Amino acid sequence: MEAGSMEWKDRIDKWKTKQEKRGKLNHDDSDDDDEKNDDEYMLLAEARQPLWRKVPIPSSQINPYRIVIVLRLVVLCFFLKFRITTPATDAVPLWLASVVCELWFALSWILDQLPKWAPVTRETYLDRLALRYDREGEACRLAPIDFFVSTVDPLKEPPLITANTVLSILAVDYPVDRASCYVSDDGASMLLFDTLSETAEFARRWVPFCKKFGVEPRAPEFYFSQKMDYLKDKVQPTFVKERRAMKREYEEFKVRVNALVAKAQKKPEEGWVMQDGTPWPGNNTRDHPGMIQVYLGSQGALDVEGRELPRLVYVSREKRPGYNHHKKAGAMNALVRVSAVLTNAPFILNLDCDHYVNNSKAVREAMCFLMDPQLGRKLCYVQFPQRFDGIDRHDRYANRNVVFFDINMKGLDGIQGPVYVGTGCVFNRQALYGYDPPRPEKRPKMTCDCWPSWCCCCCCFGGGSKHQRRGKNKGGGADSGADEPRRGLLGFYRKRGGKKDKLGAKKGGAGLYSKKHQQRAAFELEEIEEGLEGYEELDRSSLMSQKGFEKRFGQSPVFIASTLVEDGGLPQGAAADPAALIKEAIHVISCGYEEKTEWGKEIGWIYGSVTEDILTGFKMHCRGWKSVYCTPARPAFKGSAPINLSDRLHQVLRWALGSVEIFMSRHCPLWYAYGGRLKWLERFAYTNTIVYPFTSIPLLAYCTIPAVCLLTGKFIIPTLNNLASIWFIALFLSIIATGVLELRWSGVSIEDWWRNEQFWVIGGVSAHLFAVFQGLLKVLGGVDTNFTVTSKAAADETDAFGELYLFKWTTLLVPPTTLIIINMVGIVAGVSDAVNNGYGSWGPLFGKLFFSFWVIVHLYPFLKGLMGRQNRTPTIVVLWSILLASIFSLVWVRIDPFIPKAKGPILKPCGVEC
C-alpha cells in the first residue's frame with residue numbers, strides 16, 4: 001500500500017506542476033481547493049483505468065492440469081497401440097468393435113480437451129464505468145440497449161412467467177431513456193397481448209419500488225418467494241409497509257392474469273374480440289397481419305412518481321401460408337428490424353421468456369466490455385452463463401450444465417470467445433448485420449533514405465518501397481497507403497478524417513452524415529448515393545449501390561439508413577413522425593420482406609438449423625469477431641429447466657438434431673471458412689459441438705459389449721502382461737487426475753461433475769442416437785421432425801419438485817432401458833457360469849463385471865426416473881425392453897459366432913458299442 005500511495009502522490013505532484021506551468025493553479029488558493037483538485041484528479045485517473053481485467057488462474061492449479069493432459073495423451077497413444085496390436089483371437093468381432101469405439105472416444109476427448117488448455121476468468125469495474133460514462137451531474141453517455149424476449153405459445157409458456165421477465169427488464173438498473181423491451185409473440189395470442197397490457201400498468205408501481213429500495217431480483221414472483229431475510233441491509237423506515245402493499249398489489253395482478261389464462265382455455269367460435277369490439281387480427285395463428293403495440297415509453301406513460309419508464313413494445317410478425325417463417329430465428333430477425341426502425345440501440349440483449357434478470361446491473365457488466373475503447377470494437381457479443389431455478393437439490397439429470405458453463409465456456413473465453421447459447425447474450429448490432437470487425441492498421445515498415453528510389457522499387461514488392469510508391473502516387477507520406485480502399489464484407493473501407501471507416505457500413509461519409517451526432521440526414525437511399533459524388537473512380541466502383549443495399553437488407557430506406565448509424569440512435573429527422581415509423585416497422589415484419597435478401601444467410605440469426613444460436617455465433621467468429629464470457633458474482637439471469645426425464649431428453653434431442661443439421665450443411669466447421677479468421681482451437685471447439693451426437697453410436701455399442709461378453713464367456717481383451725497392465729492403470733489414473741485437477745481450477749463440485757458424466761451416457765444412448773437418425777432422414781430424405789413445447793405445470797402443485805416424478809411416455813426411453821436389462825441379465829448369467837465352473841473362472845469374470853457395472857451405474861439416474869415416486873414403471877416400457885432384450889439374446893444364442901463350425905462330413909455314433 002505504501003508503494004501505491006507514493007505512486008499516486010508522484011502522479012499528483014506531476015499533474016500540479018503541469019497545471020502551474022499552464023497558469024491554471026493559484027498558489028494563493030486555500031488548502032480546501034488543493035484537496036478538491038487532488039480528489040478531482042484521482043477521480044479522473046480512476047476513470048481512465050481499464051473497465052475490466054483478466055483474473056489469471058494460479059499457476060499452481062493450471063500448470064499441473066496441463067501436464068496431466070499431456071501425460072494422458074501420451075498414455076492414450078500407448079494404450080491404443082496395445083489394443084490395436086493385441087487382438088482377442090477368440091472374439092475378433094467384439095475386439096474390433098471395441099477398438100473402433102475407443103478410437104472414436106479418444107478423438108472426441110481431444111476435441112473436447114484442447115479448447116480448455118488456457119481457461120480465462122474476467123472481472124469488471126462498475127464504479128469505473130460510472131465515472132467514465134455516467135457521472136452524477138453530467139449527461140449520461142452509456143450506450144442504449146434493446147431487450148428482446150421471445151415466446152410462441154402462452155398456454156404452454158405461462159404468461160405470468162413472461163410478465164415477470166418483462167418486469168425484471170423494465171426495472172433494470174440502467175437509464176430509462178436508453179432501454180427498450182421488445183416482446184415477440186410468434187403465436188399471435190390475444191392472451192399475451194392482454195397480459196402485457198396488465199404488465200405495463202403494474203410496472204408503473206413495481207419499477208419505482210425496485211429502484212427506491214434496490215431489491216434483488218426484480219422479478220416479483222421470485223422476489224416475494226425467496227426464502228431469506230428481506231430486511232437485511234434495508235434502513236428506510238417505510239420499506240416494510242411499502243413491501244406489504246406491493247406484495248398485495250402483485251397478488252391482485254396475478255389474479256387478473258390467471259383470469260385471462262382461464263378465459264383463454266376455450267376459444268369462442270367467432271374468434272377473439274378486443275375490448276373495442278374489433279376482431280383480434282391473430283385469430284388464425286398461421287394467417288394474420290403483422291401487429292405492433294407500444295405500451296410504455298411514450299408521452300403520458302409515466303410511473304406513479306411521475307418518472308419516465310422504459311419503452312415496452314409488443315410485436316407479432318406477419319404469417320401467411322406458403323412462407324417459411326424459420327421459427328425462432330425468423331422471429332428474432334423480425335425484432336432486429338423493428339427495433340432498428342423504432343429505437344436502433346447499438347446493443348441487443350436477447351432472453352427467453354422464462355429467463356428473468358436476476359442481477360439488475362447485468363447490463364452494466366456487459367457494457368464494461370462493449371464500451372471498452374480497445375476491446376469493445378472487436379466484440380460481437382458478451383455471453384452470460386445460464387443459471388436455473390426450481391431444480392432438485394441433487395440435479396438428477398444435470399439440468400444446470402455446470403461443467404459446460406463453468407469449464408468449457410471459460411476455456412473458450414481464452415481463445416476467441418464462448419459460443420452463443422441462445423439466451424442471456426448482449427450483441428453488437430453491427431456484428432448481427434454481417435459486418436467485419438475493424439482490422440488494426442499495419443504500421444509501415446521503416447525505409448532507409450540513403451538508397452536511391454529506383455533501388456527501393458526493385459528490391460521487393462512489400463514493406464517500405466510499397467508505401468513510398470503509394471505516397472508518391474497520392475501525394476502523401478510513407479503511410480499514405482492506408483488511404484487505399486480495402487474491400488471488406490460489405491464491399492469497401494476507406495480512410496476519412498484520419499480514421500479508417502467502413503463507408504456505408506460504419507461512420508458514413510461525403511458530408512451526408514454528421515460524425516459528431518452519429519446520425520444521417522435522411523432516409524432515402526438516393527441521398528446516400530448523391531453524397532458519394534466527388535470521389536475517385538476507384539472509390540466509387542467499390543461502393544455499394546442502392547440495389548446493393550436493398551439486396552442485402554431489404555427494401556426499407558428507414559431500416560437501411562439506421563444500419564449506417566454505428567453508435568445507435570435514429571437517423572436525423574426519423575423521430576419527427578412516430579406514426580410513419582410504426583408503419584415502416586409493420587413493413588419490415590411482413591412475411592415477404594426477407595425474400596431475395598441476405599437475412600438468415602449472412603445477416604441476423606442464421607437459418608438452417610434448429611440450433612440457430614450455435615450457427616449464428618459461428619458465423620460471427622468466422623468473420624474475425626471475438627466474444628467474451630461474463631460471470632458476475634451474482635448470476636445475471638436465471639431461468640427454468642425441464643426437470644422431468646422425458647422433457648429433458650426431448651430438449652437434448654433438439655440440441656443434438658441441430659448439431660447434426662449443421663454437420664450436414666455447408667456451415668460445417670470441418671470445411672467452412674478456412675479463408676476466414678477463425679482460430680484453430682475455436683474451430684476444434686465448434687467441431688466438437690456438431691460431432692458429439694455421432695458418439696452415440698460407438699457409445700451404444702460399447703455399453704452393449706459387456707453384456708455380450710458375460711453371455712458368451714468371451715472378452716475384448718486377451719490375457720494381460722505386466723506392461724499392458726501398467727498402461728491400463730496409467731490410463732485410469734490419468735482420467736481421474738484430469739477430472740480432479742479440472743474441478744480444482746474451475747470450482748465445480750464433484751457431484752455436478754459426476755451428474756454430467758452420468759447424463760452424458762443417458763443422453764448419448766437415447767436422445768443423441770435418435771438425433772443422428774432423424775438428422776439423416778431430414779437432410780437426406782426430406783422428412784421433417786416437429787417438436788412440441790411441453791407444458792411446465794407440475795403433477796403435484798403442492799410439491800416443489802412434483803414434475804421430477806411425472807412420467808411421460810416417449811420412444812427415447814427404450815434404448816437405455818434395454819441396456820439396463822441386458823446388462824443385468826448378463827451379470828446374472830456370468831455369475832451363474834462362474835459358480836458352475838469353479839474357482840478358476842472368477843478371475844476373468846471380474847473384468848467383465850466391472851464394465852457391466854460401469855454401464856448400470858451411469859444409467860442409475862435414468863433407472864430412478866423410470867421408477868418414479870411410487871416405484872412404478874409404465875407397462876409399455878417394460879414390455880418393449882424385455883421384448884428387445886429377449887430377441888437379442890435368442891438371436892445371439894442361435895447364431896453364436898464364437899462356436900467353431902465343424903468342417904467335413906458330420907459323423908454320428910452308430911450305436912452303444914461304437
Side-chain angles (χ1 to χ4, degrees), residues 72 75-76 79-80 82-83 88 91 94-95 97-106 108-109 112 394 396-398 403 692 695-718 720 724-725 727-740 742-743 750-769 815-831 833-834 842-866 881 885 888:
R72 179 175 173 180
V75 171
L76 184 61
F79 170 79
L80 292 176
F82 164 75
R83 293 285 286 122
L94 287 178
W95 165 80
S98 64
V99 169
V100 171
C101 294
E102 288 162 2
L103 288 172
W104 180 266
F105 295 151
S108 299
W109 173 76
D112 179 67
H394 298 291
R396 180 185 293 178
Y397 305 123
V403 172
Y692 77 89
T695 306
S696 60
I697 298 175
L699 182 61
L700 180 66
Y702 212 70
C703 291
T704 307
I705 287 174
V708 175
C709 292
L710 288 167
L711 290 172
T712 61
K714 311 297 180 181
F715 200 39
I716 59 176
I717 302 172
L720 298 179
S725 301
W727 291 126
F728 269 94
I729 296 173
L731 179 62
F732 280 108
L733 290 178
S734 65
I735 293 173
I736 295 172
T738 305
V740 170
E742 200 167 67
L743 300 182
I750 191 170
E751 182 180 16
D752 288 326
W753 177 83
W754 175 237
R755 290 299 184 213
N756 182 78
E757 293 295 311
Q758 288 180 311
F759 196 78
W760 176 74
V761 176
I762 295 172
V765 298
S766 56
H768 298 173
L769 183 68
T817 307
T818 305
L819 282 177
I820 291 176
I821 292 177
I822 64 173
N823 274 278
M824 288 183 174
V825 171
I827 290 173
V828 173
V831 172
D833 183 70
W842 283 97
L845 177 66
F846 285 127
K848 305 171 188 177
L849 291 178
F850 172 80
F851 287 107
S852 274
F853 277 117
W854 180 90
V855 174
I856 294 174
V857 168
H858 278 77
L859 294 176
Y860 179 69
F862 174 84
L863 185 60
K864 289 185 66 177
L866 285 183
S881 301
F888 177 81

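These numbers were taken from a predicted model, which means no experiment stands behind them.
- Exactly one of Trp754, Phe851, Phe853 qualifies for a ring-ring contact (aromatic ring centres under 6.0 Å, His included) with His858. That residue is Trp754.
- To the nearest 0.5 Å, atoms CG (Leu733) and CZ (Arg72) are separated by 11.5 Å.
- The distance from atom CD1 of Ile827 to atom CD1 of Ile822, rounded to the nearest 0.5 Å, is 11.0 Å.
- Shortest non-hydrogen contact noted between Val765 and Pro815 is O-CB, 3.2 Å.
- Leu849 places a side-chain heavy atom less than 4.5 Å from the side chain of Leu710.
- Closest approach of Val855 and Asn823 over heavy atoms only: CG1-ND2, 3.7 Å.
- A donor-acceptor pair is defined here as one N or O able to donate and one able to accept, closer than 3.5 Å; such a pair exists between the side chain of Lys848 and the backbone of Gly713.
- Closest of all the heavy-atom pairs between Phe715 and Ala88 is O-CB, 3.6 Å.
- Counting all heavy atoms, side chain and backbone alike, Pro706 lies closest to Ser852 at CB-OG, 3.4 Å.
- Listed here is the closest heavy atom pair of Trp760 and Thr695: CZ2-CG2, 3.9 Å.
- Contact detail for Leu859 and Val761: the closest heavy-atom pair is CD2-CG1, 4.0 Å.
- Atoms OG1 and CG, on Thr738 and Leu743 in that order, are 10.5 Å from each other to the nearest 0.5 Å.
- In this structure, Pro816 and Ile820 have side chains that are not in contact, with every pair of non-hydrogen atoms separated by 4.5 Å or more.
- Between His394 and Arg755, some side-chain heavy-atom pair lies under the 4.5 Å cut-off.
- In this structure, the separation between CD1 on Ile729 and OG on Ser734 is 12.0 Å, given to the nearest 0.5 Å.
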Just do the side-chain contact (heavy atoms from CB on, under 4.5 Å) check on Trp104 and Ile697 with the steps written out, would you?
CA-CA 10 Å; Trp104 180 266; Ile697 298 175; over 6 Å; no

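- With contacts defined as side-chain heavy-atom distances shorter than 4.5 Å, the pair Asp112/Tyr692 does not qualify.
- With Trp95 contributing its side chain and Arg83 its backbone, the two residues share a donor-acceptor pair below 3.5 Å.
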Under the side-chain contact (heavy atoms from CB on, under 4.5 Å) criterion, do Tyr702 and Glu102 qualify, and how do the steps go?
CA-CA 9 Å; Tyr702 212 70; Glu102 288 162 2; 2.7 Å; yes

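- Distance OH/Tyr397 to CZ/Phe759: 9.0 Å, rounded to 0.5 Å.
- Of the inter-residue distances, the one linking Leu80 atom CG with Phe82 atom CZ reads 11.5 Å to the nearest 0.5 angstrom.
- Between Leu819 and Leu700 the shortest side-chain heavy-atom distance falls below 4.5 Å.
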